[in-house]
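Whatever order the structure lists them in is the order used to number ligands and atoms, beginning at 1. Just so it is clear, the values below take in all heavy atoms, side chains as well, and ignore hydrogens, waters and symmetry mates. Quick caveat: nothing in here was measured; it's all calculated off a predicted structure.
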Amino acid sequence: MFSDKDIQGLYDHKGILIGVFISSKLWHAIEDEVNPIIDKHLGTSEENETVQVMEEPIEDWENFLKFWDFRYPVEKNVVCDNCGAETSDWTADTPKKFLLKAANIAGLVSFQCLQCKSRIIKRHFKDHIKYEIIPFKED
Ligand SMILES: [Zn+2]
């Protein structure tokens with residue numbers, strides 16, 4: 001059985017609804033029915049800029065993991081010092097908080113904070129990770 005924990009509104013600090021969280025359990029139960037409805041709306045909203053393209057270079061990330069030879073375990077947390085967003089595992093957030101922008105086997109991984117659009121760069125060295133943040137600037 002499902003409870004109201006399986007579907008929850010997500011609000012920003014001003015109390016404005018920014019999205020809806022659906023648990024994977026509930027999603028799997030309803031996706032076949034809901035997907036056609038979503039597809040219909042996505043298909044007619046080409047000019048709708050609120051639909052974000054969530055393309056991530058996941059293969060690059062997987063390659064990066066394959067060649068992991070740092071002296072610490074794989075780390076998936078990301079912190080945005082600009083707006084305070086953080087996650088312990090960016091691959092598991094629903095909805096996403098950080099978008100992977102780049103990853104390479106030399107140890108550079110960068111993300112975009114989806115809350116404030118800052119660029120977060122993690123440089124992996126043998127013994128430590130160095131964080132850099134480039135706040136988003138409007139042109
Ligand atoms: Zn941020």
Separation of Ile134 CD1 from Ser110 OG (nearest 0.5 Å):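 Answer for the OG-CD1 pair, Ser110 versus Ile134, is 8.5 Å.
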Gap separating the CD1 atom of Ile38 from the CG atom of Leu42, nearest 0.5 angstrom: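 So the CD1 of Ile38 and the CG of Leu42 are separated by 7.0 Å.
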For the student: nearest non-hydrogen atoms of Pro36 and Glu31, plus distance: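 Between these two residues, the closest heavy atoms are CD-O, 4.2 Å.
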Glu132 (side chain) donor-acceptor with Ile121 (main chain) under 3.5 angstrom: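 Side chain of Glu132 to backbone of Ile121, a donor-acceptor pair under 3.5 Å: no, none is there.
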Side chain to side chain donor-acceptor pair (under 3.5 Å) pairs, two or more places apart, involving residues 67-86: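 Qualifying pairs: Asp69-Lys126, Arg71-Asp127, Glu75-Lys122, Glu75-Tyr131, Asn82-Ser118.
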Whether Trp61 and Trp90 hold their rings parallel, tilted or perpendicular, with breakpoints at 30° and 60°: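 Plane angle over 60°, so perpendicular.
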Polar protein atoms near the Zn ion (ligand 1) [N, O or S; cut-off under 2.8 Å]: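 Less than 2.8 Å away from the Zn ion (ligand 1) sit Cys80 SG, Cys83 SG, Cys113 SG, Cys116 SG.
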